[in-house]
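Each remark here refers to the structure printed beneath this line.
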Amino acid sequence: MPRRPNIPHSERNCSWARTLDILGDSWSLLVIRELMVGVDRFTLMQERLGISKGILTARLKHLADHGLVEAIQKDKEHPRYGLTEKGYDLFAVLVGIGQWGDKWVFGKDNEPISVLDGRSGSKLAPLKVQTTDGVTLSPEQLRFEAGPGANDATRQSLAKLLSSKSD
């Protein structure tokens with residue numbers, strides 16, 4: 001099998017690869033988590049995460065450059081940050097990662113933090129992949145096809161994948 005060229009994630013015609021290019025380091029989702037729970041001050045975020053000033057500054061700049069975070073108070077003494085709409089759209093991703101970690105890293109009844117419905121106090125249902133009419137799907141029930149943004153390489157790759165599955 002011929003080896004695929006080493007293309008940077010940022011240049012791949014793939015939503016997963018490009019998203020991981022933005023969020024794939026160990027700090028980005030933790031910074032977004034802090035902002036999501038209301039920690040907006042740089043110094044408090046730095047303290048809670050145990051992260052160096054330089055790394056936090058770089059992460060916030062990276063996330064801002066990609067439109068997920070914005071400075072809401074540019075005061076050098078007390079800078080504050082907030083999530084943009086694009087950043088808030090990661091809400092389900094963060095909940096899903098937390099639920100996966102609760103189940104597979106810590107184990108049932110050993111969760112370090114319970115995420116509850118703020119109105120009722122009840123636990124959240126596990127996130128599921130569903131159709132628009134609410135039918136839960138497994139990975140085996142999914143079908144992948146070239147979308148409107150697919151380039152020729154993506155179309156060819158999917159065609160090879162689909163033909164190998166039919167063999």
Side-chain angles (χ1 to χ4, degrees), residues 1-37 45 49 51 54-70 81-117 122-167:
M1 177 178 222
R3 191 179 156 137
R4 293 186 62 178
N6 190 9
I7 300 169
H9 288 331
S10 61
E11 294 177 21
R12 291 187 182 271
N13 188 230
C14 172
S15 297
W16 290 281
R18 289 212 185 163
T19 299
L20 286 172
D21 190 54
I22 297 167
L23 302 174
D25 69 275
S26 61
W27 291 111
S28 290
L29 285 175
L30 293 174
V31 168
I32 291 169
R33 178 203 65 192
E34 291 299 301
L35 292 166
M36 194 129 342
V37 300
M45 194 180 313
L49 291 172
I51 187 174
I55 291 173
L56 180 55
T57 299
R59 284 297 93 214
L60 287 165
K61 181 182 180 332
H62 175 79
L63 294 168
D65 288 348
H66 288 280
L68 285 87
V69 170
E70 62 188 345
Y81 298 87
L83 291 171
T84 63
E85 180 181 357
K86 189 175 180 179
Y88 273 112
D89 267 357
L90 288 166
F91 173 67
V93 173
L94 286 174
V95 170
I97 288 172
Q99 288 180 343
W100 183 91
D102 287 345
K103 180 177 180 178
W104 295 104
V105 176
F106 287 96
K108 184 172 171 39
D109 298 325
N110 201 31
E111 303 89 348
I113 297 173
S114 294
V115 180
L116 307 172
D117 179 334
S122 62
K123 283 190 165 188
L124 303 181
L127 293 182
K128 302 201 180 302
V129 174
Q130 298 180 325
T131 63
T132 55
D133 57 351
V135 175
T136 300
L137 298 174
S138 69
E140 298 81 20
Q141 294 171 300
L142 298 179
R143 183 179 81 215
F144 297 90
E145 57 185 49
N151 62 20
D152 288 340
T154 299
R155 290 179 196 286
Q156 290 171 4
S157 175
L158 282 169
K160 283 181 188 176
L161 174 68
L162 295 175
S163 70
S164 71
K165 282 188 169 192
S166 65
D167 291 342

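Positions are given from 1, in the same order as the sequence printed here.
Remark: Arg12 does not engage Asp21 in a salt bridge, criterion side-chain N to carboxylate O under 4.0 Å.
The side-chain hydrogen bond (donor to acceptor under 3.5 Å, both in side chains) search around Asp65 returns Lys61, not counting sequence neighbours.
The CZ atom of Phe144 sits 9.0 Å away from atom CG of Leu158, with the distance rounded to the nearest 0.5 Å. To the nearest 0.5 Å, atoms SG (Cys14) and CG (Leu20) are separated by 8.5 Å. Here Asp152 contributes atom CG and Ser157 contributes atom OG; the two are 12.5 Å apart, rounded to the nearest 0.5 Å. Between atom CG of residue Leu60 and atom CG of residue Leu35 there is a gap of 7.0 Å, rounded to the nearest 0.5 Å. Note that CG of Leu30 is 11.0 Å distant from CE of Met45, once rounded to the nearest 0.5 Å. Between the CD1 atom of Ile32 and the CG atom of Asp89 there is a distance of 11.0 Å, given to the nearest 0.5 Å.
Remark: side-chain polar atoms of Thr84 are paired, donor with acceptor, to backbone N or O of Leu68 under 3.5 angstrom. For the pair Gln141 (side chain) and Ser138 (backbone), a donor-acceptor distance under 3.5 Å is present. In terms of modelled atom types and a separation under 3.5 Å, the side chain of Thr154 and the main chain of Asn13 share a donor-acceptor contact. Remark: side-chain polar atoms of Gln99 are paired, donor with acceptor, to backbone N or O of Ala125 under 3.5 angstrom. Counting only distance, with no hydrogens or angles, the side chain of Thr19 and the backbone of Trp16 share no donor-acceptor pair below 3.5 Å.
The two residues Arg155 and Ala146 come nearest to each other via the heavy atoms NH1-CB, 3.5 Å. For the pair Glu70 and Leu83, the tightest heavy-atom approach, listed with the atom from each and the gap, is OE2-O, 4.2 Å. The two residues Asp117 and Leu124 make their nearest non-hydrogen contact at N-CD2, 3.9 Å. Scanning all heavy atoms of the two residues, the minimum distance from Lys86 to His66 falls at NZ-O, 2.6 Å.
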> Would His62 and Ile22 count as a side-chain contact (heavy atoms from CB on, under 4.5 Å) if you check the C-alpha gap in whole Å, the side-chain angles of each, and the deciding distance to 0.1 Å?
Replying inline: CA-CA 8 Å; His62 175 79; Ile22 297 167; 4.3 Å; yes
> Passes side-chain contact (heavy atoms from CB on, under 4.5 Å), Leu90 versus Leu23? Steps please.
Replying inline: CA-CA 10 Å; Leu90 288 166; Leu23 302 174; 3.7 Å; yes
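Atom CD1 of Ile113 is surrounded by 12 or fewer heavy atoms from other residues, nucleotides or ligands within 6.0 Å. Crowding of Gln130 atom CD: a count of heavy atoms from other residues, nucleotides or ligands under 6.0 Å exceeding 12.
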